[in-house]
Each structure stands twice: as C-alpha cells, then as structure tokens.
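Quick notes on the structure that follows.
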Amino acid sequence: MKYKVTLNGRTYEVEVEAGQAMLVDEYEAYAPAPAAPAPVAVAPVAAAPAAAPAAPAAAGALAAGEVVKSPMPGNILKINVTQGQKVEEGQVIIILEAMKMENEIVATKSGTIAQIVVAKGATVDTGAALAVIA
C-alpha cells in the first residue's frame, strides 16, 4: 500500500509491504492559495427607520451559570440536550470528536441548560465554552 504523509511542510510518499516501509518520493507540501474575498454590494442610503429595535445581547455573551468547557480541541458531533432542559451531574450533553475518537462531555452539575454555545459540526479549541448550566 502507498501512503502520503505530510510532516513539517514536507510530503513523503511511502510504500509499505509485509511490514517493510520504503520511501518512494519526497517533495515540498503546499497549501492552496486563499480565495479572494467576495465583493460587497453597497445599497443606496435610505432614510433612517423611525425607531430602532432593542439591541440584542452582546455577541459571545454567556448566560449566568457554570460554563462547561471543552477539555481538548475537536469537532462537535452531537448535542444531546436543548436549552431549558434539566440535566443531572454526569449526564452526557455533547459528543466531541478528537483524534478520530468520540469523547463524552458531561454536565458538571445538576441544573438546567441555560445556553448551548456551540452548534453541531463546529470546531472548538481547548477551554472553549460549550454550554452553560444554571
């Protein structure tokens, strides 16, 4: 079987047969160029609305309560709870995939889910807020 492995910016093509590995080729790895940002259409300026709606809560603001944080970087595979749902300490609330393994993120205390901070498919870093339990 042939494998391509990229390590420290170099790509190695390796062939493995009966427990023996042989380097077939080595070359510089490259990253695709970032896509150019899409042009933004500017609409003509209209008259200001009579009354502005109330400002929503600040983006990224967390609800009051205990924050459940990600213990490692990974991808959110499944969210087992909804906002307002009662949970018990130790109950699985989120499934986080890290290094091809599914990790159960559990409620750190009994209470009600005040806020779910992440969405299914999101990528999170270590220490990122996942949910808030009130």
Side-chain angles (χ1 to χ4, degrees):
M1 296 192 93
K2 285 189 178 183
Y3 297 95
K4 285 187 180 180
V5 179
T6 301
L7 181 65
N8 295 332
R10 305 242 349 129
T11 300
Y12 301 91
E13 192 171 317
V14 181
E15 188 171 319
V16 178
E17 287 185 24
Q20 301 263 345
M22 184 173 88
L23 180 63
V24 177
D25 196 9
E26 176 185 344
Y27 46 92
E28 282 292 319
Y30 70 95
V40 177
V42 177
V45 176
L62 296 178
E66 186 170 325
V67 178
V68 178
K69 295 181 180 182
S70 175
M72 64 193 77
N75 298 318
I76 303 299
L77 287 184
K78 186 175 180 184
I79 300 174
N80 295 336
V81 294
T82 58
Q83 190 167 326
Q85 180 177 339
K86 295 210 179 291
V87 293
E88 295 297 320
E89 184 175 352
Q91 178 180 340
V92 177
I93 59 173
I94 294 176
I95 304 293
L96 175 75
E97 184 233 356
M99 299 187 320
K100 305 292 181 196
M101 294 185 65
E102 292 182 10
N103 300 281
E104 296 178 340
I105 307 301
V106 298
T108 53
K109 71 174 194 170
S110 296
T112 303
I113 299 293
Q115 182 180 8
I116 298 174
V117 182
V118 295
K120 181 179 177 182
T123 301
V124 296
D125 289 325
T126 303
L130 302 176
V132 179
I133 301 174

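Index from 1, following the sequence.
- For the pair Val106/Ile93, no side-chain contact is recorded, criterion being any heavy-atom separation below 4.5 Å from C-beta on.
- Although no hydrogens or angles enter the test, the distance criterion places a donor-acceptor pair under 3.5 Å between the side chain of Gln83 and the main chain of Ala114.
- With sequence neighbours left out, Lys86 forms a side-chain hydrogen bond (donor to acceptor under 3.5 Å, both in side chains) with Thr112.
- Taking the side chain as every heavy atom from C-beta outward, Leu96 and Ile76 approach each other to under 4.5 Å.
- In terms of hydrophobic clustering, with Ile, Leu, Val, Met, Phe, Trp and Tyr side chains grouped at heavy-atom distances under 4.5 Å, Ile79 and Val67 are assigned to different clusters.
- Enclosure of atom CD in Glu104 is not indicated, since only 12 or fewer non-hydrogen atoms of other residues, nucleotides or ligands lie within 6.0 angstrom.
- Counted within 6.0 Å of CD on Gln85, heavy atoms from surrounding residues, nucleotides or ligands total more than 12; the atom is thus considered enclosed.
- Both Ile116 and Val124 sit in one connected hydrophobic cluster of ILVMFWY residues. Membership requires side-chain heavy atoms under 4.5 Å apart, directly or through other members.
- Between Glu102 and Leu77, the closest heavy-atom pair is CG-CD1, 3.5 Å.
- Taking 4.5 Å as the limit, every side-chain heavy atom of Thr82 sits out of range of all side-chain heavy atoms of Ile113.
- Of all the heavy atoms in Val118 and Ala129, the pair that sits closest is CG1-O, 3.7 Å.
- Contact of the Leu130 side chain with the Val117 side chain is not registered, since no non-hydrogen atoms from C-beta on lie closer than 4.5 Å.
- Asn103 places a side-chain N or O within donor-acceptor distance of the main-chain N or O of Met101, the cut-off being under 3.5 Å.
- Thr123 is linked by a side-chain hydrogen bond (donor to acceptor under 3.5 Å, both in side chains) to Asn75, counting only residues two or more places apart in sequence or in another chain.
- For Glu66, the side chain to side chain contact (heavy atoms under 4.5 Å, CB included) partners are Thr108, Lys109, not counting sequence neighbours.
- Atom CD1 of Ile94 and atom OG of Ser70 lie 9.0 Å apart (nearest 0.5 Å).
- Taking OG of Ser110 as the reference point, atom CD of Glu89 lies at 5.5 Å (rounded to 0.5 Å).
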